[in-house]
Amino acid sequence: MDDGAARSDEGLGAVRPYALVQGRVEPDQNYGLDRSSLVQTVRNRPTVALAHHYNQVLDLCEEPCSVAEIAGRLRRPVNVATIWVSDLLAERLLLPATTGPLPDPDNPIFLRQVLDALIRY
Amino acid sequence: MPSYGTDSTLPAKIIIAGGFGAGKTTFVGAASEIRPLRTEEQLTAASRNIDSLHGLAAKSTTTVAMDFGRLTLPLAAGNGLGAQHVQLLMFGTPGQQRFGFMWDGLTHRAVGACVLVDTRRLPDAFAPVEYFERRTMPFVVAVNRFDGMRTHDTGDVHAALDLEPWVPVMDCDARERPSARKVLIQLLRHACDRAEASFLTR
């Protein structure tokens, strides 16, 4: 894949990013992903031949990283980043960085812990 | 699915709303631990399952640009959440009127919102305020004081926006990190109070 040319593309034109996901507009498997989902690259990441953009995602996700941040850093639409993340989750090269259940956004215990963390910061 | 098992980070989505020029980008930049990023999203208004040519023609797609920033915080030990960190994910969003149809997806599972206000363009805040009220999502109003300019006090803004009495209104300087953090603390405090109150009366 001629990814060098794609990277030099300044804008987010309708055609180029979707060429990098084989024309898909949705991931093969969703894994409940949205822009806020956090993922992380597996430790001792195996050396497998991957398209350049997959390696870029894996490099970004050495620390927990959201789908939105991946999209922003690689300057691709969030929809495209979601598909790449889903592909890498399927290959077990990325893992969810949130291992337990996701608390509801109005869960008082969760909110109290976040508030306390912010105050301590 | 395998995972690390030893370390878990929870996301906490926060919406930064407000009219054009109210300081959303600046605020996200001040509150974030990373240089703020620009994210783009293509949003489709119609169902994705329409496969007739007629259906395709009826779809409307919009590209929406958002500011993105994050702040990673350690959680206290023994927090009962099974996680060690939280990542506050801040999304600075374009005005609600043009993108009304996509806001529900964007605000889904957000812990709360901050509506930034430029008192010179107070009416810009009506649309986001009305939206969060209707969604019963906790929000605070932060009056961005550009260059220390003080034209209205927070009580005036509260009245002018016809806010419910419990909605906090505070001054901020969106360029200053401590000021942006104070707004986030106020938002979480408000969200927390509301959640605890509704938990008790459930």
Side-chain angles (χ1 to χ4, degrees), chain A residues 11-14 17-18 25-26 29 31 34-40 42-43 63-82 89-90 92 94-121, chain B residues 1-13 34 36-44 48 61 63 66-68 70-76 79-83 85-89 91 105-106 108-112 137-138 181 184-185 188-189 191-199:
Chain A
L12 296 173
Y18 290 95
V25 293
E26 286 187 25
Q29 277 181 272
Y31 297 106
D34 73 6
R35 57 179 80 66
S36 302
S37 302
L38 298 174
V39 291
Q40 193 168 359
V42 287
R43 290 203 187 112
E63 297 295 321
C65 187
S66 61
V67 170
E69 181 168 341
I70 294 168
R73 288 197 186 275
L74 300 183
R75 301 173 68 201
R76 297 295 179 192
V78 171
N79 324 45
V80 169
T82 305
L89 285 168
R92 305 261 198 269
L94 279 183
L95 298 171
T98 308
T99 56
L102 212 52
D104 287 332
D106 61 349
N107 175 331
I109 296 164
F110 171 55
L111 293 170
R112 176 64 62 187
Q113 289 296 330
V114 176
L115 171 62
D116 289 348
L118 257 173
I119 291 169
R120 276 195 310 270
Y121 183 77
Chain B
M1 177 153 308
S3 62
Y4 285 110
T6 52
D7 200 34
S8 180
T9 304
L10 295 172
K13 180 157 78 177
I34 58 165
L37 298 166
R38 198 92 175 142
T39 68
E40 296 203 359
E41 231 167 305
Q42 294 194 330
L43 298 140
T44 305
R48 292 169 178 183
T61 302
T63 299
M66 285 179 286
D67 297 302
F68 172 81
R70 69 155 142 95
L71 181 60
T72 310
L73 301 167
L75 292 168
N79 54 53
L81 298 165
H85 294 89
V86 63
Q87 216 176 86
L88 301 189
L89 306 175
F91 292 91
L106 178 63
H108 181 62
R109 295 192 65 87
V111 299
M137 178 172 291
R181 297 265 161 90
L184 293 178
I185 287 172
L188 261 300
R189 194 181 305 257
C192 202
D193 289 348
R194 267 188 44 164
E196 285 172 354
S198 79
F199 188 76

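No hydrogens, no waters, no symmetry mates; every other heavy atom, side chains included, goes into these values. Keep in mind that this is a model prediction, so the values were computed, not measured. Throughout, protein chains are lettered first and strands after them, A, B, ... in sequence-line order, and every chain is numbered starting at 1.
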Quick check: closest heavy atoms across [X] and [Y], and the distance to 0.1 Å?
X	Y	result
C192(B)	P108(A)	SG-O, 4.2 Å
P64(A)	T9(B)	CG-OG1, 3.7 Å
S8(B)	G100(A)	OG-N, 3.8 Å
T99(A)	D7(B)	CG2-O, 3.9 Å
Q113(A)	A76(B)	OE1-CB, 3.8 Å

Check each atom of [X] against the heavy atoms of chain A and say whether the ones under 4.5 Å are side chain, backbone, both or neither.
X	value
L75(B)	both
R70(B)	side chain
A83(B)	neither
L188(B)	both
V86(B)	side chain

If you measure from the Lys or Arg side-chain nitrogens to the Asp or Glu carboxylate oxygens, is any gap between [X] and [Y] under 4.0 Å?
X	Y	result
E41(B)	R35(A)	yes
D34(A)	R109(B)	no
E196(B)	R112(A)	yes

What's the separation between atom [atom1] in [X] and atom [atom2] in [Y], rounded to the nearest 0.5 Å?
X	Y	atom1	atom2	value
L184(B)	Y121(A)	CG	OH	11.0 Å
I119(A)	R189(B)	CD1	CZ	4.5 Å
L102(A)	L81(B)	CG	CG	10.5 Å
N79(B)	F110(A)	CG	CZ	10.5 Å
L38(A)	L10(B)	CG	CG	8.0 Å
L115(A)	D193(B)	CG	CG	8.5 Å

| task | Mark yes or no for whether T39(B), through its side chain, and A68(A), through its backbone, hold a donor-acceptor pair below 3.5 Å. | result | no
| query | Is a donor on one side and an acceptor on the other found under 3.5 Å between the side chain of R120(A) and the backbone of P74(B)? | reply | yes
| request: Sort E63(A) into side chain, backbone, both or neither according to what part of it lies under 4.5 angstrom from a heavy atom of chain B. | output: neither
| field | L118(A), part contacting chain B, at a heavy-atom distance under 4.5 Å | value | both
| said: With chain B as the partner, which of V114(A), L111(A), D116(A) has the greatest number of non-hydrogen pairs under 4.5 Å? | reply: L111(A)
| Out of S66(A), S36(A), A81(A), A71(A), which one racks up the most heavy-atom pairs below 4.5 Å with chain B? | S36(A)
| field | T98(A)/Q87(B) under side chain to side chain contact (heavy atoms under 4.5 Å, CB included): CA gap, chis, key distance, verdict | value | CA-CA 10 Å; T98(A) 308; Q87(B) 216 176 86; over 6 Å; no
| Test item: E40(B) and V78(A) side chains (from C-beta on) under 4.5 Å apart, heavy atoms | no
